[in-house]
Amino acid sequence: MFRQYNQSSWRNFRIFLASVVVALTFFLALSYERISTRDYLTNLRSDLSREVGIIRARIEGTINANANTSRAFAAILAAHPEMENDHLSQIASFLLNGSSRLREIAAAPDLVIRFVYPLRGNEAALGLDFRKTPSQYGAVKKALSVGGTVIAGPVTLVQGGKAFIIRVPVPSQQPGKKWWGIISGVLDFDTFLKASGLDVASRKFDIALRGADGTGAQGTPFLGRGAIFANDPILADIAFPNGAWQLAVAPAGGWPTHAPDYLWARGYFAAGGLLMLAIILGATWLVQKRQQAEAVLASAIEAIDAGFALFDADDRLIAFNSNYYDVYKAAGYEVILGTPFITLLRNGLERKIFPDAIGREQEWLSERMRAHRQERSSIEQHLASGRWISIRERRTPDGGSVGIRVDITALKQAREAAEAANRAKSEFLNTMTHELRTPLTVILGFTPILSNLGTMPSVRALQDLLDRPDADIDAVRKAVARVVAEISGFATTMDRSGKHLLSLVNDILDLSKAEAGRIEIAPTALDLDGLLATVVEQFTPEAERKGIHLGHQPSGLSVLADEVRLRQILVNLVGNALKFTDSGEIGITAHDMGEQVEIRVRDTGCGIPEDAIDNIFATFTQIDTSDTRRAQGTGLGLAITKKLVTLHGGTIRVESTPGKGSTFAFTMPKPPDRNVAA
């Protein structure tokens, strides 16, 4: 029979679909915006990192070039400590007029400045005793202590100005005296900024330097705003002899919160959601009209004072009226939608309701099927109940068939009445066949279209039309009307596809982060027994379903690890063990290895072939194709696990015997002993 048309149900269904589309569009837009913003920031950080590398190289080059000049002057003085000032001035002039950026250079035998070049403008520096100048003596003392070059500053000079001072100790040739004195190369602060490109870079980026006097990341800022270090900048250590600075670079004005095209993306998703909503509503409208047509046709068929049956191209019963049902129910068996025509005949033969077939069942069945497959057929069928049924069958354009069953028992009793009834039947059949052909063709014509929506080219045509800037709205409406039916399977397909990705970024995203060096760990002292207990608890239900014993042996050990990433390692290994173990047990143990703890996950599963051991931790690798089909994995789990173990400074290995099981063992560092003095 046909389903009844319910207008209220369709209205509620449309409201439900509209809600789903709105929610789905919002979710997709939000997900896209998050991903595009993340990718934009990733690319921005990558580009900025390259810029930071260039800036760092120029800074280090500037510092080291001028430090080399100072060391060259110190080497000359160490070899000729008795050299006169005139000669020293010639050498200093030569050194400072080369590639050096030094503003001046001074020599201080016994830590008192006796020579400075150029002298003009620096007279105030002569006679300066470093031991009596606390602001500078610290760097001088450090240079003498380490016996090497020290970069001090920026400091304010006694002769005026702000500069970095490169201190180079000069060894003494006199017995019993270690140092002759010290050389001071003065690098003007502004000259340093220009030579290293910081003056130009600071106009493009937010830049800060810290680590005055070479104290590195722990030192105070001396260039730019200190707040830049708290704005998640790109950091780079500037290394120079016996000290370091830390460089921080961030986009001017801070990191953006959205990708540049986020407003356009929102607009596209809004337009796409509206289009999808229009397509869905149009599709439901078309299906509703189809159902209405079916209901009208069903009413017409039900009104026929005869049995009516409709079979599809596969010869399965797809529609019938109550008269048809009554004919065969009275004969002793049920009529069910979807039953093949030949099965209906065989059921009748088993119940012996066709007297003419008794003793010649196979021959009768062949004759009946031959008549049924003809373009047109007309037979009279005698039933065991004594009734006579006239059967008229016609083939439809799609390969199906329409059949009319009329009880002609009374007509058989009276020849004349039967002949009149046969003529009336023939006329009736001809008339009804003509009247039913048009609506039936419409219904059956839509069936292959609705069953093959994804193959229609109209969707592509609609997209091409929408991409045209001069698209005509009437043309769009017509195109939408042609594709409204194509949305019928979208909801299920989108739901199933959605759920299957998220289960990969994460692995890929993790793998991508690991390969790009973007995974950060925050190691803390962890109670290993407590963590293992939670992992065992997580997998216990699955293990019990498979009849596998899963447990861990308490060790009382602690490890220094990132709790989230260590849990991820354990979940990967225990999860793999469960996938490939059908019986037996899975055990987790921890062993004290001195400075490290080795954690072992042992199973009694299928094991790993010897030729696969070497590639077990490679990306996208699984044991073999049959296990891949069974386990469904991406092959990324063990690759990610190895990278996470390596990030903790540990190692991972596997021992396996095919058919007996595998043991995965990895190491984690132990927390430092708090009772040991630093």
Side-chain angles (χ1 to χ4, degrees), residues 506-539 550-580 586-603 605 607-608 612-623 633-657 661-676 678:
N506 287 331
D507 278 355
I508 292 176
L509 287 177
D510 277 347
L511 184 64
S512 174
K513 289 178 182 178
E515 291 180 343
R518 296 200 306 270
I519 290 184
E520 297 181 359
I521 61 173
T524 58
L526 301 176
D527 173 24
L528 190 56
D529 289 340
L531 182 60
L532 293 179
T534 62
V535 173
V536 169
E537 182 181 359
Q538 176 181 343
F539 285 100
L550 171 63
H552 79 283
Q553 180 179 344
S555 64
L557 296 172
S558 298
V559 295
L560 182 65
D562 185 303
E563 182 176 0
V564 173
R565 294 305 182 181
L566 179 54
R567 184 185 301 275
Q568 184 177 357
I569 292 169
L570 291 167
V571 166
N572 279 345
L573 294 180
V574 176
N576 268 1
L578 273 173
K579 286 180 184 179
F580 298 104
I586 298 172
I588 310 173
T589 57
H591 307 272
D592 192 336
M593 308 295 288
E595 294 183 355
Q596 292 185 319
V597 173
E598 184 176 71
I599 304 168
R600 301 173 188 170
V601 178
R602 182 184 58 83
D603 64 63
I608 305 170
I613 289 289
D614 292 339
N615 297 322
I616 197 67
F617 295 108
T619 306
F620 303 110
T621 298
Q622 285 205 357
I623 296 175
T634 62
L636 297 178
L638 289 177
I640 294 171
T641 296
K642 182 176 180 180
K643 292 181 182 295
L644 293 177
V645 170
T646 303
L647 279 175
H648 284 82
T651 60
I652 186 168
R653 60 184 176 84
V654 59
E655 299 175 356
S656 182
T657 302
S662 305
T663 298
F664 285 83
F666 66 95
T667 60
M668 287 281 119
K670 295 170 69 175
D673 188 350
R674 297 181 179 178
N675 295 323
V676 178

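Because only heavy atoms are used, hydrogens play no part in the values below, and waters and symmetry mates are left out as well, while side chains stay in.
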What is the minimum heavy-atom distance between L528 and A590, and which atoms define it? CD2-CB, 3.4 Å
Between the OG1 atom in T651 and the CE atom in M668, the distance rounded to the nearest 0.5 Å is 9.0 Å
What's the shortest heavy-atom distance between L638 and F617, and which atoms? O-CD2, 3.6 Å
Does K642 have more than 12 heavy atoms from other residues, nucleotides or ligands lying within 6.0 Å of its NZ? no
Atom pair CD (Q596) and NE2 (H591), whose distance is rounded to the nearest 0.5 Å: 14.0 Å
Could you go step by step and tell me if R567 and D562 meet the salt bridge (Lys or Arg N to Asp or Glu O under 4.0 Å) rule? CA-CA 8 Å; R567 184 185 301 275; D562 185 303; over 6 Å; no
Measure the NZ-CG distance between K670 and D592 for me, rounded to the nearest 0.5 Å. 3.5 Å
Going by an N to O cut-off under 4.0 Å, is there a salt bridge joining R600 and E655? no
Which heavy-atom pair separates A561 from L566 by the least distance, and what is that distance? CB-CD2, 4.0 Å
Roughly how far apart are D527 CG and E563 CD, rounded to 0.5 Å? 10.0 Å
Find the distance between OG1 (T641) and CG (L573) and round it off to the nearest 0.5 Å. 5.0 Å
Between L570 and L532, what is the shortest heavy-atom contact and its length? CD1-CD2, 3.6 Å
S656 to G661 - nearest heavy-atom pair and separation: OG-O, 3.2 Å
Under 3.5 Å: donor-acceptor pair, side chain of D529, backbone of S555: yes
Minimum heavy-atom distance between V654 and I608, given as atom pair plus value: CG2-CD1, 4.0 Å
